[in-house]
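Each remark here refers to the structure printed beneath this line.
Every chain is numbered from 1 and lettered A, B, ... according to where its sequence line falls, protein lines coming before strand lines.
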Amino acid sequence: MGFEFSVITESLPALLAGAKLTWIITILGIVGGMICGILAGLGRIAGTASLGEEPHGIFKPLSVMTRYISGGYVETIRGTPIIVQAMFLYFAFPMLVKAVTDIERFRIEALTAAVITIIFNAGAYIAEIVRGSVVSVNKGLLEAGMSLGITRFQLIVHVIGPIAFRRMIPPLGNQFIISLKDTSLFIVIGVGELTRQGQEIMASNFRALEIWLTVAVMYLIMTTVLAMSLRKIERKMKIF
Amino acid sequence: MSSMIELKNVCKSFGETEVLHNIDLSIQEGEVVVVIGPSGSGKSTLIRCINCLEMLSSGELIVDKIKIPEERGKVRQIRLEVGMVFQQFNLFPHMTALENVAFGPSKARKMNKAKAADIARDLLDKVGLADFEDKLPGQLSGGQQQRVAIARALAVSPKVLLFDEPTSALDPEMIGEVLDVMKNIARDSGMTMVVVTHEMGFAAQVGDRLIFMDDGKIVEEGKPGEVMKNPKSERLKDFLGHVKHH
């Protein structure tokens, strides 16, 4: 039983279909994760000097509440394994819905559960990346902006945002790659992504070497594409 | 002449430390006030209070008839009237010189892009940097950056300009070019200016009033020439001795 190229060519269509699904979950996941992460990241520092000046009146308790909610979200996600999150969403959440409402046949598609899990999971880590980058922006620049009489919203969009974003790119690249590889864990909820396809083919022909080698190379190609796109953005945005 | 800036019984503390202690100060329209004093005397905090970068712990601030803390919601309006130049320039690193200067007029004053750029070009020309409009701050020398920063502060047409040690971070050979720009503003525009500095020559030449601060209090004030020639307090004598020796 040597190395058989024909095994690879035969299994290629199924593996490519799996890779396509992996790619779709990843892209939807990181786009949603970015939105989620930016909101939670800014939420964690709402009302602090990192986003302009400290609020007064009704905004003070509101910003404290925002900080607690965002912080709770980040800690919950970071503190539990992604595989448990996926299982909870796919198996446990429908039962929870059934227990507290009258909806009888509530179900989440495996693919939907996978995408939502990646969104919330990546979102929590991206929130910390966003927070770190925003906090690192030189306070003098915020003061310069404020002394011109611009609003807090303008300050965030035109000064803090662009400067912080440049600093986010390297750690974001890390997180995007981690999220892509995390999709392999959805094998446990039966999503037909790349690892699952490999596993199924392997179970029928026992050609572990050829199959897992091909699967590994496919992951490597996808992560390389992600890394290279981020490098391209980074070069474009380089300023100093 | 009416009072442009008034501080009444102003105190400012950071935690337990009181940095400003019962400051009373009235600055007239068009007046150029120079503030000197040893480090930690509260001079930077004093001018940062004037554009509300620091909020008063107690007392009252009146800028162009707007009262703080009574009208706290109008802080942005005060900042539109009061520009500031910082020791560390604080130019936006991702914007060219022109974009830095045009930013205020287009965002804070809501002008259209072309008009804001016209104003910015005009001001860059005035500070002698007409040829540098496409440069990023990182490509400019310290003196050039500070001149862009002055143009940026002027661009929203404020009534008051605050300078927080504008030449302290500069190499000696660049101090002159920045002081010259400041002198021109004082001479030509009749702008109300409050300048924290150690440049005694500048104080004597363009200052209408010199204020010496120590330990969070105004210790002496008067015409710059007189105050420098005949310091009354030991502390000022001591301070002037140190400054002159440089």
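- Residues of residues 142-155 of chain A lying within less than 4.5 angstrom of chain B, judged on heavy atoms, are A:Glu143, A:Ala144, A:Gly145, A:Met146, A:Ser147, A:Leu148, A:Gly149, A:Ile150, A:Thr151, A:Gln154 in numerical order.
- Residues B:Met191 and B:Leu154 are in side-chain contact: their nearest non-hydrogen atoms beyond the backbone lie under 4.5 Å apart.
- Side-chain N/O atoms of A:Tyr219 and A:Ser184 include no donor and acceptor closer than 3.5 Å.
- Heavy-atom proximity under 4.5 angstrom to chain A picks out B:Phe103, B:Gly104, B:Lys107, B:Ala108, B:Lys110 from residues 103-121 of chain B.
- Between B:Lys159 and B:Glu29 there is no salt bridge, since no side-chain N of the basic residue sits under 4.0 Å from a carboxylate O of the acidic one.
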message = One pair to check against side-chain contact (heavy atoms from CB on, under 4.5 Å): B:Leu61 and B:Val63. What are the steps and the verdict?
response = CA-CA 7 Å; B:Leu61 166 76; B:Val63 179; 3.9 Å; yes
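- Of the residues considered (B:Val75, B:Asn90, B:Leu162), B:Asn90 shows the highest number of contacts with chain A, using heavy-atom pairs under 4.5 Å.
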request  = Kindly determine whether A:Gln175 and A:Ile129 satisfy side-chain contact (heavy atoms from CB on, under 4.5 Å), including the steps that lead there.
outcome  = CA-CA 9 Å; A:Gln175 183 54 45; A:Ile129 294 170; 4.1 Å; yes
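- Taking chain A as the reference chain and counting heavy-atom pairs below 4.5 Å, the highest number among B:Gln139, B:Gln87, B:Arg152 is found for B:Arg152.
- Taking chain A as the reference chain and counting heavy-atom pairs below 4.5 Å, the highest number among B:Asn51, B:Leu53, B:Val156, B:Leu91 is found for B:Leu53.
- Between A:Phe120 and A:Tyr73, the angle of the ring planes goes over 60°, which puts this pair in the perpendicular group of the 30/60° scheme.
- Annotation: maximal heavy-atom pairing with chain B below 4.5 Å, among A:Gly57, A:Gly140, A:Pro162, occurs at A:Gly140.
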query = Run the side-chain contact (heavy atoms from CB on, under 4.5 Å) check on B:Asp164 and B:Met84 step by step: do they pass?
reply = CA-CA 8 Å; B:Asp164 189 3; B:Met84 186 151 186; 3.9 Å; yes
message = With side-chain contact (heavy atoms from CB on, under 4.5 Å) as the criterion, how do B:Asp64 and B:Ile78 come out once you've worked through the C-alpha distance, each side chain's angles and the decisive distance to 0.1 Å?
response = CA-CA 8 Å; B:Asp64 201 24; B:Ile78 288 186; over 6 Å; no
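- B:Glu60 and B:Asn9 are not linked by any side-chain donor-acceptor pair at a separation below 3.5 angstrom, with hydrogens and angles left out of the test.
- A salt bridge links A:Arg78 with A:Glu75: the closest approach of a Lys/Arg side-chain nitrogen to an acidic carboxylate oxygen falls below 4.0 angstrom.
- Checked by atom type, the side-chain pair A:Glu109/A:Thr112 shows no donor-acceptor distance below 3.5 Å.
- A:Gln85 and A:Thr80 share a donor-acceptor pair across their side chains, judged by distance under 3.5 Å alone.
- Only the side chain of B:Met95 comes within contact range of chain A, with heavy atoms under 4.5 Å apart.
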